[in-house]
Asker: 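I'd like to ask you about the structure that follows.
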Amino acid sequence: VLEKRPDYTPAKKIAAFSAYDMWYYQEANDLFISYIAQNPLDAASLFALWQTKIELKDWIGASDVLNRWVLAWYTPKIDIERKIIHVDAQLKNYDHMLTVFGYILKDKSATSNDYTTALLIAIIQDSKLAMERWSEDAYTKYQNNPDIIAYYVATRYLLDKKQEGDTLLSQVSVENNSSIIMEYAKLLRAMS
């Protein structure tokens with residue numbers, strides 16, 4: 001059909017999904033791009049194009065698709081934002097990750113894993129404002145989570161709140177929290 005009618009969009013979409021299902025990622029990529037040019041708000045095709053870009057290890061292209069996907073009003077937003085984080089990590093685009101985590105952590109369905117990953121990036125980027133706000137929010141929501149406690153203690157030292165860090169560290173049961181982040185917090189205490 002496409003040989004006789006190259007602009008026939010229903011056939012283009014079927015051919016793109018078929019190529020993807022048969023692992024012909026480059027062909028699928030080309031067909032999806034052509035199809036989406038005519039149907040920019042087709043969320044299923046944008047998702048498939050994103051997966052194709054991931055298979056081709058085209059991280060910049062995957063990032064572009066995710067941004068278009070957000071513009072196509074994909075919901076729930078937090079799912080797509082997590083995918084953006086994944087692609088940003090591949091691109092080592094840590095500044096953008098901080099921005100996206102700002103949106104993720106405002107969502108009611110944000111998890112403790114979202115917070116710990118966000119705090120790790122905030123520490124790597126030495127973003128004091130993000131460390132302050134996110135560690136306090138996380139500690140308020142997940143006071144019994146050992147990883148959250150460890151990040152909270154570590155950020156106290158990184159934010160020059162040594163006394164608060166010392167107090168919290170003395171209250172933490174080492175048996176219940178032997179994570180690498182807690183070891184990092186102890187190292188920060190020793191360095192301070």
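Every heavy atom of this structure was used, including side-chain atoms; hydrogens, water molecules and symmetry mates were not.
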Asker: Please check this pair: side chain of Asn29 against backbone of Tyr25, looking for a donor-acceptor N/O pair closer than 3.5 Å.
Answerer: no
Asker: So, do Asp137 and Glu132 sit near enough that their side-chain heavy atoms are less than 4.5 Å apart?
Answerer: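 Result no, sub-4.5 Å side-chain heavy-atom pair not found.
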Asker: Can you name the nearest heavy-atom pair linking Ala28 to Tyr20, along with the distance?
Answerer: CB-N, 3.5 Å
Asker: More than 12 heavy atoms of other residues, nucleotides or ligands under 6.0 Å from CG of Asp21: is that the case?
Answerer: yes
Asker: Name the residue from Thr155, Asn145, Leu168 that meets the side chain to side chain contact (heavy atoms under 4.5 Å, CB included) definition with Tyr139.
Answerer: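 The single option meeting the side chain to side chain contact (heavy atoms under 4.5 Å, CB included) with Tyr139 is Leu168.
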Asker: Hey, are Lys53 and Asp64 close enough for a salt bridge, meaning a charged N less than 4.0 Å from a carboxylate O?
Answerer: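 Salt bridge absent between Lys53 and Asp64.
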Asker: At what distance, to the nearest 0.5 angstrom, does OG of Ser127 lie from CD1 of Ile121?
Answerer: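 These two atoms lie 11.0 Å from each other.
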Asker: Looking only at non-hydrogen atoms, find the nearest pair between Ala110 and Arg82 and report the distance.
Answerer: CA-NH2, 4.3 Å
Asker: Got Ser135 and Tyr151 here, is their nearest side-chain heavy-atom distance under 4.5 Å?
Answerer: no
Asker: Leu46 and Leu31: same hydrophobic cluster, using ILVMFWY side-chain contacts below 4.5 Å?
Answerer: no
Asker: To the nearest 0.5 angstrom, please state how far the OG atom of Ser112 sits from the CG atom of Asn144.
Answerer: 11.5 Å
Asker: Of all the heavy-atom pairs spanning Met131 and Ala122, show the shortest one and how long it is.
Answerer: CG-CB, 3.9 Å
Asker: Taking 4.0 angstrom as the limit, do Lys128 and Asp126 come out as a salt bridge?
Answerer: yes
Asker: With a 4.5 Å limit on heavy-atom distance, are the side chains of His96 and Leu91 in contact?
Answerer: no
Asker: Give the minimum heavy-atom separation between Lys12 and Leu2, together with the two atoms involved.
Answerer: N-CD2, 3.8 Å
Asker: Between Asn39 (side chain only) and Asp42 (backbone N and O only), is there a donor and an acceptor less than 3.5 Å apart?
Answerer: no
Asker: Counting only N and O atoms by type, is there a donor-acceptor contact under 3.5 Å from the side chain of Ser18 to the main-chain atoms of Ile14?
Answerer: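 Yes: the side chain of Ser18 pairs with the backbone of Ile14.
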Asker: Quick check: do Tyr157 and Asp166 have side-chain heavy atoms less than 4.5 Å from each other?
Answerer: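 Of all side-chain heavy-atom pairs linking Asp166 with Tyr157, at least one is under 4.5 Å.
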Asker: Could you check whether any side-chain N or O of Thr167 sits under 3.5 Å from a backbone N or O of Gln163, counting only pairs where one atom can act as donor and the other as acceptor?
Answerer: yes
Asker: Side chain to side chain donor-acceptor pair (under 3.5 Å) with Tyr152: which of Gln143, Glu136, Glu164?
Answerer: Glu164
Asker: Return the minimal non-hydrogen interatomic distance between Leu119 and Ala138, and the atom names on each side.
Answerer: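 Smallest interatomic distance, heavy atoms only, reads CD1-CB, 4.5 Å.
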Asker: Can you tell me how far CD of Glu81 sits from CG of Asp114, rounded to the nearest 0.5 angstrom?
Answerer: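 Separation between the atoms: 9.5 Å.
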Asker: Can you tell me how far the CE atom of Met97 sits from the CG atom of Asp88, to the nearest 0.5 Å?
Answerer: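 Rounded to the nearest 0.5 Å, the CE-CG separation comes to 6.5 Å.
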Asker: Is it true that atom CD1 of Ile124 has more than 12 heavy atoms of other residues, nucleotides or ligands lying nearer than 6.0 Å?
Answerer: yes
Asker: How is the hydrophobic cluster of Tyr24 composed, in terms of its other members, when Ile, Leu, Val, Met, Phe, Trp and Tyr link through side-chain heavy atoms under 4.5 Å apart, directly or indirectly?
Answerer: Met22
Asker: Strictly under 6.0 Å, is that where the ring centroids of Phe32 and Phe17 end up?
Answerer: yes
Asker: Let me check something: do Leu129 and Tyr115 share a hydrophobic cluster, defined by ILVMFWY side-chain heavy atoms less than 4.5 Å apart, either directly or through other members?
Answerer: no
Asker: Pairs of donor and acceptor atoms involving the side chains of residues 101-109, under 3.5 Å and at least two apart or interchain, shall be tabulated with distances.
Answerer:
| unit_1 | atom_1 | unit_2 | atom_2 | d |
| --- | --- | --- | --- | --- |
| Asp107 | OD1 | Ser109 | N | 2.7 |
| Asp107 | OD1 | Ser109 | OG | 2.6 |

Asker: Please report the interatomic distance NZ(Lys83) to CD1(Ile54), rounded to the nearest 0.5 Å.
Answerer: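 Output value for this atom pair is 9.5 Å.
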Asker: Distance from Ile80 atom CD1 to Trp50 atom CH2, nearest 0.5 Å?
Answerer: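 That separation rounds to 7.0 Å.
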Asker: Which ILVMFWY residues are connected to Val1, directly or by a chain of links, through side-chain heavy atoms under 4.5 Å apart?
Answerer: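 Members other than Val1 - counting any ILVMFWY side chain reachable under 4.5 Å - are Tyr8.
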